[in-house]
**Student:** 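This is the structure, below, for whatever I ask next.
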Amino acid sequence: MPEAVGPTVRRIRADEARAIRRLRLDALLDPAADVAFLETRAQAEQRDDAFWVDRAVSGSGSAAVAQFVADAGDRLVGTVTVLRPDPGARDYFGRPNPDGRAQMVAVFVTEDHRGAGLLGELFAAGEEWAAGLGSHEFSLDTHVRNMRAQQAYRKLAYEPTGRTIHGPIGLEIEMLKRMDASHSSLAT
């Protein structure tokens with residue numbers, strides 16, 4: 001009997017605006033959405049088609065942002081977006097970005113695909129892309145009450161930095177993963 005093949009992790013394509021809209025709306029139904037995302041489902045539903053087209057186009061071909069998805073064939077079942085702001089540019093919380101740091105945002109895996117390593121595959125794809133562009137640190141922010149996410153990120157070698165920020169949905173902790181000096185593997 002052939003072994004079941006899981007979802008394929010790849011960069012989003014420019015023509016997948018509807019698919020990423022559907023995945024985002026699914027993410028915003030998650031029980032932890034209120035401590036995981038900076039928007040509500042109602043806000044996302046109000047965004048016009050041009051917003052989703054722009055998101056797909058920029059996530060598929062920009063050198064400043066890349067969206068990676070897990071494609072199960074009939075639907076997208078996971079995503080991570082990687083931001084590479086210019087050194088010193090301000091991030092989504094207004095903090096200056098350190099030189100070489102990439103930010104992992106908009107992380108989601110559907111409930112039926114959790115626990116099988118898919119999150120690690122998504123992060124590995126995003127980290128590899130950013131490392132190829134010279135990033136040596138990877139950060140993310142997670143709400144202090146989002147313990148499920150914190151646990152998952154720790155398994156991927158992201159550690160709390162001790163820095164916190166008051167964001168639009170409450171207190172967030174910063175987590176960080178550093179690339180080793182050889183740039184050939186990732187280390188904490």
Side-chain angles (χ1 to χ4, degrees), residues 8-17 19-21 23-24 27 36-39 44 47 50-71 76 78-109 118-143 146 149-150 152-165 167-169 172-188:
T8 302
V9 173
R10 60 172 174 78
R11 194 159 178 186
I12 193 75
R13 293 188 306 258
D15 65 351
E16 292 184 297
I20 61 170
R21 179 183 187 274
L23 183 61
R24 181 63 169 193
F37 301 106
L38 301 180
E39 72 177 338
R47 297 189 186 279
F51 172 86
W52 300 104
V53 168
D54 181 60
R55 175 135 322 161
V57 169
S58 66
S60 69
S62 170
V65 59
Q67 183 174 4
F68 293 87
V69 294
D71 185 344
L76 301 181
T79 186
V80 64
T81 299
V82 186
L83 307 176
R84 284 196 73 255
D86 291 331
R90 302 265 173 201
D91 71 8
Y92 48 89
F93 284 144
R95 298 169 294 193
N97 188 57
D99 184 22
R101 182 175 288 182
Q103 299 168 328
M104 314 301 268
V105 300
V107 178
F108 178 68
V109 174
L118 191 55
L119 183 64
E121 291 179 45
L122 285 161
F123 268 64
E127 291 163 352
E128 183 178 330
W129 172 80
L133 297 172
S135 291
H136 57 275
E137 291 183 338
F138 306 90
S139 69
L140 55 84
D141 299 298
T142 185
H143 195 280
N146 195 346
Q150 290 175 44
Y153 301 146
R154 280 189 176 100
K155 288 179 183 176
L156 299 176
Y158 283 77
E159 294 296 330
T161 65
R163 290 187 286 275
T164 59
I165 187 164
I169 60 172
E172 302 266 342
I173 64 169
E174 179 186 69
M175 298 182 81
L176 186 68
K177 180 177 184 175
R178 288 190 175 90
M179 181 174 282
D180 73 9
S182 72
H183 290 31
S184 63
S185 65
L186 300 174
T188 56

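Values reported hereafter were calculated over all heavy atoms of this structure, with side chains retained and with hydrogens, waters and symmetry mates removed. Predicted model, so just to flag it, every value in this text is computed and none were measured.
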**Student:** CD1/I20 to CD1/I12 distance, rounded to the nearest 0.5 angstrom?
**Tutor:** 5.0 Å
**Student:** Just do the side chain to side chain donor-acceptor pair (under 3.5 Å) check on T164 and E172 with the steps written out, would you?
**Tutor:** CA-CA 6 Å; T164 59; E172 302 266 342; over 6 Å; no
**Student:** Which pairs count as salt bridge (charged side-chain N to carboxylate O under 4.0 Å, His left out) when at least one residue sits in residues 88-97, sequence neighbours excluded?
**Tutor:** D91-R95, R95-D141, R95-E174
**Student:** Under the side-chain contact (heavy atoms from CB on, under 4.5 Å) test, which residues partner A27, sequence neighbours left out?
**Tutor:** F37, F108
**Student:** Could you give me the CA-CA distance, side-chain angles and deciding distance for V9 and V69, then say whether side chain to side chain contact (heavy atoms under 4.5 Å, CB included) is met?
**Tutor:** CA-CA 6 Å; V9 173; V69 294; over 6 Å; no
**Student:** May I ask you to decide if the ring planes of F123 and Y158 are parallel, tilted or perpendicular, using 30° and 60° as cut-offs?
**Tutor:**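 Geometry flag for Y158 against F123: perpendicular rings.
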**Student:** Step by step, work out the side chain to side chain contact (heavy atoms under 4.5 Å, CB included) result for R101 and F138.
**Tutor:** CA-CA 6 Å; R101 182 175 288 182; F138 306 90; over 6 Å; no
**Student:** Got a second to check how far Q103's CD is from L176's CG, nearest 0.5 Å?
**Tutor:**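 With rounding to 0.5 Å, CD (Q103) is 11.0 Å from CG (L176).
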**Student:** Check side chain to side chain donor-acceptor pair (under 3.5 Å) between E16 and all other residues, then give those that pass, not counting sequence neighbours.
**Tutor:** R10, R13
**Student:** Is the closest side-chain donor-acceptor distance between T79 and Q67 under 3.5 Å?
**Tutor:** yes
**Student:** Taking atom CZ of R47 and atom CZ of R24, what is their separation to the nearest 0.5 Å?
**Tutor:** 8.0 Å
**Student:** Quick one: pull up OG1 in T142 and CE in M175 and give me the separation to the nearest 0.5 Å.
**Tutor:** 7.0 Å
**Student:** For R84 and S135, test the side chains for any donor-to-acceptor distance below 3.5 angstrom and give the result as yes or no.
**Tutor:** yes
**Student:** With rounding to the nearest 0.5 angstrom, report the CZ to OG distance, F68 to S60.
**Tutor:** 11.0 Å
